[in-house]
Number of protein chains: 2
Amino acid sequence: MNTTRSGRPALTRPDGTPLRVLVVDDDPDLAEVLTGALRYEGWEVRAAADGTAALAAARELRPDAVVLDVMLPDMDGLAVLRGLHESQPDVCVLFLTARDAVEDRIAGLTAGGDDYVTKPFSLEEVVARLRGLLRRAGMARRPEEEAGLVVGDLVMDEDAREVTRSGELIELSPTEFELLRFLMRNPRRVLSKAQILDRVWSYDFGGRAHVVELYISYLRKKIDAGRAPMIHTVRGAGYVLKPVTG
Amino acid sequence: MNTTRSGRPALTRPDGTPLRVLVVDDDPDLAEVLTGALRYEGWEVRAAADGTAALAAARELRPDAVVLDVMLPDMDGLAVLRGLHESQPDVCVLFLTARDAVEDRIAGLTAGGDDYVTKPFSLEEVVARLRGLLRRAGMARRPEEEAGLVVGDLVMDEDAREVTRSGELIELSPTEFELLRFLMRNPRRVLSKAQILDRVWSYDFGGRAHVVELYISYLRKKIDAGRAPMIHTVRGAGYVLKPVTG
DNA sequence: CAGAGGTCTCAGAGACCTCTCAGCAATCCG
DNA sequence: CGGATTGCTGAGAGGTCTCTGAGACCTCTG
């Protein structure tokens, strides 16, 4: 079976082969980081630096999804989108856009059910959106019936952005939600603060690992409050999320 | 079968041939020590002193993993990573970084599931991380089904950093954990204090072999406390870890 | 424009870890 | 048997890691 590099079973195409994703961004560092993160999901990834290369690569790779920067040196987002749909009408597209980009442009781009994230983004968010797109488009098969993320009595519904523990609803801020999602996708594994920063915070975040401690502290107050703790500190190594019994 | 120089069966590629590792560091002494330690694991190792040489060597050797200093004279870490992934998308990378390098944050480098250790490091830690990376990436086949490290009723889960004896959880500090890992990877074999010092303590540690005695003492209190002892002193030679009956 | 919620920095308190020192115990050897 | 050697462990200094509260800054909303 196809698996992620973390050992977890991967989201695959309906026939069980790896999902194919094309990353299009003219910043090579960003493209590299994105590529790495998506490969980590167990997907087959290729990168292109401009619209022309993107269209050529798409024709060859026939990707299930494209991660597309709307500001490319040679073509604008809508043109690339048109070109993509010409060769593959069903492809899912996740747009990357600057925060200050004119909002209604985006509105037009996402009309076809596609989605977008604004720069600077966190990798966890990009991966989550892409998974959402692919699932909704029926292009991906879930490894199991994984109705939501479940660790012990802690349950996360990603679509509804709802978290419950023992059936009790817990309200989380956006950052708290992302952090918990990352923890829940890696249960029983110690995650270092650097790993967490790289995944949950946006790539241009200059701050220290200290924020991680802070947000872990917030999560504990909401999730572990008065209950048997699920979030554990491993001094000198990082944090683990574990079901209560073991 | 491929074996380590210590006689233990080696972690191999899926086809049983030795894993191939490329070491990239511009400090020749450090590169030598690393190369030696990895060869000792039964792996095929090659060294390169800068980014250009590394990429050339990678193209030729096609390594399963690369140990990569992020501070190279000619290229930055992300650029080397990009070059590596161009020729080998699936290669695992373990980064070496200075502790005082723009604190804690290895911006994006660990995003793809890769890992890092900070200098000064212990060889045991480098080897352990590399093994972890390779296992998770599905690039390595374990010699046996070695679900975790097991010696008698003593069990270590390296991912969760958890140790149990007879099912009872034992809490260990980072150094205690490393020391025990080394012992458990070499059961029934007498390890000298010098060997332990070289493996478990970082290469720039100036202290005496006395710390080893101290930490063995700590471990005994936690692991052997009130039970049949597993850690034995071999006077004039070192220490052995053995299952109780043997 | 005021208020609310969210994010992050700062700084202090406290817990924990590592290692040195020193004295004692066990073992070895003449 | 007695001295020398080797190993064990308690006490404690110093440093590091972690947690938490207070507050500044920002954005969004009414």
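This structure is a prediction, so every number in the text was calculated from the model and none was measured. The chains referred to below are lettered A, B, ... by the order of the sequence lines, with proteins before strands, and numbering in each begins at 1.
Across D:dG7, C:dA11, C:dG6, the shortest atom-to-atom separation from the side chain of A:His210 is found for C:dA11. Taking the side chain of B:Tyr215 as heavy atoms from C-beta on, and the options D:dT18, C:dC8, C:dT18, the nearest nucleotide is C:dT18. Taking the side chain of B:Trp201 as heavy atoms from C-beta on, and the options D:dC8, C:dC19, C:dC17, the nearest nucleotide is C:dC19. When distances run from any side-chain atom of B:Thr175 to the nucleotides C:dT18, D:dC19, C:dC19, the shortest one goes to C:dT18. In the set C:dG6, D:dG7, D:dT18, the nucleotide with an atom closest to the side chain of A:Pro174 is C:dG6. Nearest nucleotide to the A:Glu213 side chain, out of C:dC8, D:dT18, C:dC21: D:dT18. For B:Val211, whose side chain is taken as the heavy atoms from C-beta onward, the closest listed nucleotide among D:dT16, C:dT27, C:dT20 is C:dT20.
Taking only side-chain nitrogens and oxygens, B:Ser217 never comes nearer than 4.0 Å to OP1 or OP2 of D:dC8. Residue B:Lys193 places at least one side-chain N or O closer than 4.0 Å to OP1 or OP2 of D:dG7.
A:Tyr218 comes within 4.0 angstrom of a base, heavy atoms only. Note on B:Phe205: only backbone sugar-phosphate atoms sit closer than 4.0 angstrom, heavy atoms only; bases stay farther off. The residue B:Arg220 sits close only to the backbone: its heavy atoms come under 4.0 Å of sugar-phosphate atoms, none of a base. Within 4.0 Å of A:Ile216, counting heavy atoms only, lies no atom of the nucleic acid at all.
Between the side chain of A:Asp69 and the backbone N or O of A:Leu72, no donor-acceptor pair lies under 3.5 Å.
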